[in-house]
**Student:** 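The structure that follows is given in the form of structure tokens.
Model, not experiment: these values are computed from the prediction.
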2 protein chains.
Amino acid sequence: MYFSLSKFDPRIHPSIFLKDPLSSELGRKILRHSVELIEEVGFEDFNFRKLGRLIQSPEASIYRYFDNKHKLLLYLSSWYWGWIEYRLAFRNANIVDPIFRLENAIEILTNPSSEFDDTEYLNTNKLFKIIYSESSKAYLIKDVDALNKDGMYFNYKHLVASISNIIREIVPDYPYPHMLTTTVIEGIHHQIFFSLHLKSLTDKKEGEHSILIFYKNLILKQLNVI
Amino acid sequence: MYFSLSKFDPRIHPSIFLKDPLSSELGRKILRHSVELIEEVGFEDFNFRKLGRLIQSPEASIYRYFDNKHKLLLYLSSWYWGWIEYRLAFRNANIVDPIFRLENAIEILTNPSSEFDDTEYLNTNKLFKIIYSESSKAYLIKDVDALNKDGMYFNYKHLVASISNIIREIVPDYPYPHMLTTTVIEGIHHQIFFSLHLKSLTDKKEGEHSILIFYKNLILKQLNVI
DNA sequence: CATAAATAATAGTAATGCTATCATAAATGG
DNA sequence: CCATTTATGATAGCATTACTATTATTTATG
């Protein structure tokens, strides 16, 4: 099985890290505080020296876990995709109607925070902020092909495949399940960011769940089930 | 009028640059060769020292035109949005049917290169590659609010408003014209990038115009005109 | 032709992105 | 439980980046 259902323990592709950060106290400290720091100063101003100061450990120790800050970002986003897939499988267990399962997927993607399966080493609320504002920088880079060859985008691809499969259950011969899925996932992130920083690029009104409504409607109308 | 129709001359918000790069030979050299260099090495590995070496001018001279490489990227993307709006206005002149105008918009966004209005100081083909792989980094930054306040995203917002207005002509009470527009624009860029680097995240087949077809269908179905 | 403005030439500095070395502490296995 | 591997801490250092400053020289302009 792709993940364990008891305590959430994400499968992260080993080529992303040098030493598994979940295998030690220092590693978990790196994860926890990198989320805090990236969220606070942004990915460009984040670096291992600052993180080292924050956790009172030498910069060089962090380099023993991750090649560079890009790999750390890749780790965090892979963790996130694994976590979303876990929550999705949990929520959709025993649900037969694929339309309902698809709607659940959009709900989780739009509002992924949850109290009950929060881990002690990662604040999922802050992680989500990093995801919608920084995660695309994990693949919008020159060496994307090399990283992809090494399997470093596995978790994102796996989630996209899972959602595409739900779409195929609804409309077996729909020709663009992956495009539809990534359009919605990336779209959700953009709309959240725009609603906070570039309001005239969106239509979200205060307190309204416009983003959820919009993408649910978009995807269901596209599949002719609405 | 927002732009001149004879020779294309984009309106770039002055707070983006320190000295107008179109006002001098050196400035145009900076633009032309920054596109070449960013396209070649990627935005993270691009810097003013390398650009200076390339154009045989001191780094400090480039700093007299732009505060930093981020502002230069913002200039290039603003130029691009202005250029798209120009091409759109040109193509849609005297076309009455808003559905046809909207389809034209998607076509231009999907395949913006054109021979006839290529400028001598910017290779629009290479610029487009920068746009779909780097342009989101112009707003996915910590100081987005400050830059936005200074009007630096004007051209992107203006284009989004223009396309949203076409949508409103088709369905006057459609509640999410801006979300739909940005979903399609950003989606097109993502799908192009995915089709080149992360193929399993898309459904584009070789030689097929799947991206164009997908987004045309998505937007027209969403507006109930298909 | 004089003067202002732009660019070139050169230098320098703080921060970043690492890598290396050695000492010490913690884990582990025979 | 001691010996040895392994992880971390402490410290140093170096090439590159992201600028800023200064002065000389060239180019435009009135």
**Student:** For a quick test of reading the model: is some side-chain N or O of B/Y65 closer than 4.0 Å to OP1 or OP2 of C/dT7?
**Tutor:**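 Yes, because at least one side-chain N or O of B/Y65 sits under 4.0 Å from OP1 or OP2 of C/dT7.
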
**Student:** With a strict under 4.0 Å distance from non-hydrogen atoms of chain A, what nucleotide opens and what nucleotide closes the contacted stretch of DNA chain D, reading 5' to 3'?
**Tutor:**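 Contacts span D/dA7 to D/dG13, reading 5' to 3'.
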
**Student:** Given that both distances must come in under 3.5 Å, which nucleotide forms a Watson-Crick or G-U wobble pair with C/dA23?
**Tutor:**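 C/dA23 is paired, partner D/dT8.
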
**Student:** Identify whether any heavy atom of A/K50 sits under 4.0 Å from a base atom; if not, whether one sits that close to sugar-phosphate; answer base, sugar-phosphate or nothing.
**Tutor:**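 Answer is sugar-phosphate: A/K50 comes under 4.0 Å of backbone atoms only.
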
**Student:** For B/I55 and A/N68, find the nucleotide of DNA chain C closest to each by heavy atoms; which residue's nucleotide sits nearer the 5' end?
**Tutor:**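 Checking each residue's closest nucleotide, the 5'-ward one belongs to B/I55.
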
**Student:** Tell me which of B/K69 and B/A60 sits closer to the 5' end of DNA chain D, going by the nucleotide each one is nearest to.
**Tutor:**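 The residue mapped nearer the 5' terminus is B/K69.
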
**Student:** Give the nucleotide from the list C/dT19, C/dG12, C/dT16 with an atom nearest to the side chain of A/N47.
**Tutor:**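 Nearest nucleotide to the side chain: C/dT16.
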
**Student:** Mind calculating the distance between CD (B/E44) and P (C/dG17) to the nearest angstrom?
**Tutor:**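 Distance check: B/E44 CD to C/dG17 P gives 11 Å.
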
**Student:** Determine, step by step, whether A/Y176 and B/T202 satisfy the side-chain hydrogen bond (donor to acceptor under 3.5 Å, both in side chains) criterion, reporting the C-alpha distance in whole Å, the side-chain angles of both residues, the deciding distance to 0.1 Å, and the verdict.
**Tutor:** CA-CA 8 Å; A/Y176 310 115; B/T202 189; over 6 Å; no

**Student:** Any carboxylate oxygen within less than 4.0 angstrom of a Lys/Arg side-chain nitrogen, looking at B/E107 and B/R91?
**Tutor:**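 The answer is yes: the pair qualifies as a salt bridge.
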
**Student:** Counting only heavy atoms not in A/K205, do more than 12 fall under 6.0 Å of its NZ?
**Tutor:**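 Count over threshold, so yes.
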
**Student:** Got A/V160 and A/S164 here, is their nearest side-chain heavy-atom distance under 4.5 Å?
**Tutor:**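 With C-beta onward as the side chain, the pair touches.
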
**Student:** Using a heavy-atom cut-off of under 4.0 Å over every strand shown, decide if B/D67 touches base, sugar-phosphate, or nothing.
**Tutor:**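 Sugar-phosphate only.
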
**Student:** Any chance the rings of A/H197 and A/F193 have centres within less than 6.0 Å?
**Tutor:**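 Yes; A/F193 has its ring centre under 6.0 Å from that of A/H197.
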
**Student:** Would you say A/L140 and B/K137 make side-chain contact, with heavy atoms under 4.5 Å?
**Tutor:**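 Touching, per the 4.5 Å side-chain cut-off.
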
